[in-house]
Amino acid sequence: MNDLNSLQYLRAIACIAVVFFHCGGKGQIDFSVGQSGVDLFFIISGFLMMVITNERSNPREFLQKRVQRIVPLYWVVTTVFLTGAVAGFYPSVRLTVWHIVSSYLFIPSVSPSNGHIYPLLVPGWTLAYEMFFYLSFTMMLCLRTTERRRLVVLTTVFIVLIAAGQKLEPEQAILKTFTNPMLLEFLAGCWIGLAWKEGYRIPSFFGTISVGLGVLLLSATMLYGRFAIDQYRLLFYGVPMLLVFVGVLRYEQIGAVREWPILRFLGNASYSIYLWHTLAISAAAKAAIKLEIGDTSTFAFLALAGIVVGAIGYILIEKPVLTAIKLSGRATRGGGTDRGQSCRGNGLPQTSPATASSRSTQAGFR
């Protein structure tokens, strides 16, 4: 049995990057490159969905698990934010019935507060993409054919959507979201996941080169961040994170990834940190103003608040909820397990990629 430690570590890095990005605005420090954490999340998501499924996976069970994983905590945090907005803790927030409903249902809509395509809980904009990907992946699982052919179909659909978006340039929120080139990041993760399962291997030296080049490109983007606008996001954020991801997987494959308990914990808690951190940063920013501390200290204080509050949320809310859902599911099935989808509550496969599919022969790339 082999857990992919590297994926948990990458999740930790991704969520911390996003936290730093949001702290930068409050602490007067430019860390716009932290947005790339979202791109890394999308790549990881595509990889994992490919690894934890196979040709016998049940589409209904797959979608059910994804909903159970994403929805409960998101609804909890969104409700906390909504309650705070109604109570007047967020005076800049403007509420409408449609925006509230669409936020809970992962339907992209324009926020009346800022004019952007954001739900009530701003980080939730990425979950609209995730849920769309999960729905599309579920439809792909319904096809009675090989995994490779399924993925070809999904790739074709996404490319058609993106091409239509580039041609028509829709302004309507739903169309603009689900024709965004960021969908390619899910596809990249899926194809890497398929390669991992099929046992393809890349040269050993590529691990260091890939990670190094990815970090170098991200560093260049941090210095010249003004170029990393939406239309170039894939180039400045997606490509570097893809290089880092592939390079780290190479280290995983050769057994060079060490056990780092703190990073593993932060990886486990990454979803909670991602959802809770903006609320924590908002409260901490008010405290920082009263304390009259410098920009660097403010940045560190806000980052610590976001990570700690998210970690606490993981321990006190996310873990108990996931455990309750898991126990409820086992009771309903009489203690059985899902076919072909053995996975942890955090979505990581318990087995090596080699056992995730009947077609796999070994873990890693060959």
Side-chain angles (χ1 to χ4, degrees), residues 18 21-22 24-25 30 32-43 45-46 70-71 74-75 77-78 81-82 85 90-140 153-190 221 224-239 241-242 274-275 278:
V18 174
F21 163 63
H22 286 126
D30 182 13
S32 56
V33 73
Q35 298 175 83
S36 62
V38 169
D39 303 80
L40 180 55
F41 273 131
F42 286 176
I43 294 168
S45 184
I70 296 297
V71 173
Y74 174 68
W75 280 2
V77 184
T78 296
F81 179 82
L82 176 59
Y90 308 108
S92 63
V93 173
R94 301 290 179 266
L95 300 175
T96 65
V97 174
W98 168 242
H99 191 236
I100 293 172
V101 172
S102 63
S103 295
Y104 277 95
L105 298 181
F106 305 95
I107 300 173
S109 64
V110 177
S111 170
S113 301
N114 52 40
H116 297 294
I117 304 176
Y118 287 150
L120 276 174
L121 188 69
V122 171
W125 71 268
T126 64
L127 299 184
Y129 286 90
E130 290 280 358
M131 294 302 287
F132 179 72
F133 169 62
Y134 294 152
L135 287 171
S136 301
F137 200 91
T138 300
M139 297 298 292
M140 183 189 75
V153 171
L154 182 64
T155 300
T156 302
V157 171
F158 276 16
I159 288 178
V160 169
L161 287 174
I162 294 168
Q166 295 298 300
K167 178 67 175 179
L168 302 176
E169 298 183 350
E171 291 300 321
Q172 200 277 336
I174 296 176
L175 295 178
K176 189 172 184 177
T177 299
F178 299 141
T179 59
N180 192 295
M182 291 183 75
L183 294 176
L184 291 175
E185 294 172 346
F186 291 107
L187 289 178
C190 285
T221 298
Y224 303 99
R226 64 184 183 275
F227 294 118
I229 56 179
D230 288 345
Q231 60 181 331
Y232 299 119
R233 180 165 190 145
L234 284 181
L235 177 62
F236 286 95
Y237 292 157
V239 171
M241 280 305 190
L242 183 62
Y274 183 76
L275 291 183
T278 52

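This is a predicted model, so every value here is computed, not measured.
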Point to revise | Main-chain N/O of Gln35 paired to Arg233 side chain as donor or acceptor, under 3.5 Å | key: yes
Point to revise | Atom pair CG/CG of Leu82 and Leu120 - distance to nearest 0.5 Å | key: 6.0 Å
Exercise for review: Could I get the full list of side chain to side chain contact (heavy atoms under 4.5 Å, CB included) partners for Thr278, not counting sequence neighbours?
Suggested key: His22, Leu121, Pro123
Practice item. State, with a plain yes or no, whether a side-chain heavy atom of Tyr237 is found less than 4.5 Å away from one of Val33. Key: yes
Revision key, fill the gap. Interatomic distance, CD1@Ile174 vs OG1@Thr179, rounded to 0.5 Å, equals 11.5 Å
Point to revise | For Tyr74, ring pair (Phe, Tyr, Trp, His ring centres under 6.0 Å) partners two or more places apart | key: Phe106
Practice item. Say whether, by atom type as modelled, one donor and one acceptor occur between the side chain of Thr96 and the main chain of His99 under 3.5 angstrom. Key: yes
Point to revise | For the student: nearest non-hydrogen atoms of Leu175 and Pro170, plus distance | key: CB-CB, 3.8 Å
Check your understanding: What closest approach, in Å, do Pro108 and Ala173 show between heavy atoms, and which atom pair accounts for it?
Key -> O-CB, 3.6 Å
Review point. Minimum heavy-atom separation for Pro119 to Gly124, with atom names?
Key: CG-C, 3.5 Å
Review point. Is the shortest heavy-atom distance from the side chain of Phe133 to the side chain of Leu183 under 4.5 Å?
Key: no
Check your understanding: What is the distance from atom CD1 of Ile117 to atom CD of Gln172, rounded to the nearest 0.5 Å?
Key -> 8.0 Å
Exercise for review: For Glu169, check salt bridge (Lys or Arg N to Asp or Glu O under 4.0 Å) against everything at least two apart and list the hits.
Suggested key: none
**Study point:** Beyond-backbone contact of Phe186 with Ser136, side-chain heavy atoms, under 4.5 angstrom
**Key:** no
Check your understanding: Could you go step by step and tell me if Phe132 and Leu161 meet the side chain to side chain contact (heavy atoms under 4.5 Å, CB included) rule?
Key -> CA-CA 12 Å; Phe132 179 72; Leu161 287 174; 3.8 Å; yes
Review point. With a 4.5 Å limit on heavy-atom distance, are the side chains of Leu275 and Phe81 in contact?
Key: no
Point to revise | Pairwise side-chain contact, Asp39 with Met182, heavy-atom cut-off 4.5 Å (strictly under) | key: yes
Review point. Under the side chain to side chain donor-acceptor pair (under 3.5 Å) rule, what pairs show up with a residue in residues 120-130, not counting sequence neighbours?
Key: Ser45-Glu130, Thr126-Tyr274, Tyr129-Asn180, Glu130-Tyr134
Point to revise | Trace of the side chain to side chain contact (heavy atoms under 4.5 Å, CB included) decision for Tyr90 with Leu95 | key: CA-CA 11 Å; Tyr90 308 108; Leu95 300 175; over 6 Å; no
**Study point:** Straight-line distance of Leu127 CG to Thr78 OG1, nearest 0.5 Å
**Key:** 8.5 Å
Point to revise | Where at least one partner belongs to residues 100-118, residue pairs that pass side chain to side chain donor-acceptor pair (under 3.5 Å), sequence neighbours excluded | key: Thr79-Tyr104, Ser102-Ser109
Point to revise | Nearest-0.5 Å distance that lies between atom CZ in Phe42 and atom CG in Leu242 | key: 14.5 Å
Check your understanding: Which pairs with one or both residues in residues 110-123 pass salt bridge (Lys or Arg N to Asp or Glu O under 4.0 Å), sequence neighbours excluded?
Key -> none
Revision key, fill the gap. In terms of heavy-atom contacts, Ile159 and Leu184 come closest through CG1-CD2, 4.5 Å
Check your understanding: Which atom names give the shortest non-hydrogen contact between Gln166 and Pro181, and what distance separates them?
Key -> NE2-CG, 3.4 Å
